[in-house]
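In what follows, residues are counted from 1 in the order of the sequence shown. Side-chain atoms are counted along with the backbone in the values below, which use heavy atoms only and exclude waters and symmetry mates.
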Amino acid sequence: MTRLTGGVLRVTVFIGENDTWHHKPLYTEIVHRARAAGLAGASVFRGIEGFGASSLIHTSRLLSLSEDLPVAIVIVDSEERVRGFLPQLDELVSEGLVILDGCEVIRYIGRDTGSGESDAKGKKAL
């Protein structure tokens, strides 16, 4: 079980939903590499509207039918581990935005992956 508290770094990667790496979604590759690197966690968020360096508006509104909505991948871990992961992001992200910011983890406790049944809130049943 991974525990993380105190001051950490958050890396946020902004890309397009249609960005790919070897014919699969780029966000999937980033999440899988973050897991392989042993980082504390990664989440992908799909935006409903946005624009980037090209200044083209991408939106999910029905009339626009955009197929390249904004995606944000957020990874949080210790500064050492996040900075160690940055070369992989440099390799993967050819278009987009990668930002780092310091933050404080108040609570981060994973589920126990040992044997035993868990209830809906992830607590072990007796």
From the list Val74, Val98, Val71, Ile99, side-chain contact (heavy atoms from CB on, under 4.5 Å) partner of Val13 resolves to Val98
(Q) My understanding is that only one of Val11, Thr28, Thr12, Ile30 makes a side-chain contact (heavy atoms from CB on, under 4.5 Å) with Ile73; could you say which? (A)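 For Ile73, the side-chain contact (heavy atoms from CB on, under 4.5 Å) test succeeds with only one of Val11, Thr28, Thr12, Ile30, which is Ile30.
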Using only atom types and a distance under 3.5 Å, with no angle test, would you say the side chain of [X] pairs donor to acceptor with the backbone of [Y]?
X      : Y     : result
Asp19  : Leu26 : no
Tyr108 : Ala40 : yes
Arg81  : Gly38 : yes
Asp77  : Val82 : no
Thr20  : His23 : no

For [X] and [Y], which heavy atoms make the closest approach, and how far apart are they?
X     : Y     : result
Phe85 : Ala37 : CD1-CB, 4.0 Å
Asp68 : Glu17 : OD1-N, 3.1 Å
Ala42 : Ala34 : CB-CB, 4.3 Å

Interatomic distance, CZ@Phe14 vs CZ@Phe45, rounded to 0.5 Å, equals 10.5 Å
When rounded to the nearest 0.5 Å, the distance separating NE2 of His32 from CD of Glu29 is 8.0 Å
Do the non-hydrogen side-chain atoms of [X] and [Y] ever get within less than 4.5 Å of each other?
X      : Y     : answer
Leu69  : Ile48 : no
Ile15  : Leu97 : no
Leu100 : Arg83 : yes
Glu91  : Trp21 : yes

Item to complete: Given salt bridge (Lys or Arg N to Asp or Glu O under 4.0 Å), test Glu79 with Arg10 step by step and report yes or no.
Response: CA-CA 8 Å; Glu79 180 172 357; Arg10 173 176 47 201; over 6 Å; no
Inset, instruction - For side-chain contact (heavy atoms from CB on, under 4.5 Å), just list the numbers for Val44 and Val31, CA-CA rounded to whole Å, side-chain angles, deciding distance to a tenth of an Å, and then say yes or no. - result: CA-CA 8 Å; Val44 178; Val31 168; 3.5 Å; yes
Notebook entry, point to check: Can you name the salt bridge (Lys or Arg N to Asp or Glu O under 4.0 Å) partners of Glu95, sequence neighbours left out?
Noted result: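 By the salt bridge (Lys or Arg N to Asp or Glu O under 4.0 Å) rule, Glu95 matches no residue at all.
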#### Entry: side-chain contact (heavy atoms from CB on, under 4.5 Å) between Leu92 and Arg33, worked out
CA-CA 10 Å; Leu92 293 169; Arg33 285 197 188 193; 3.7 Å; yes
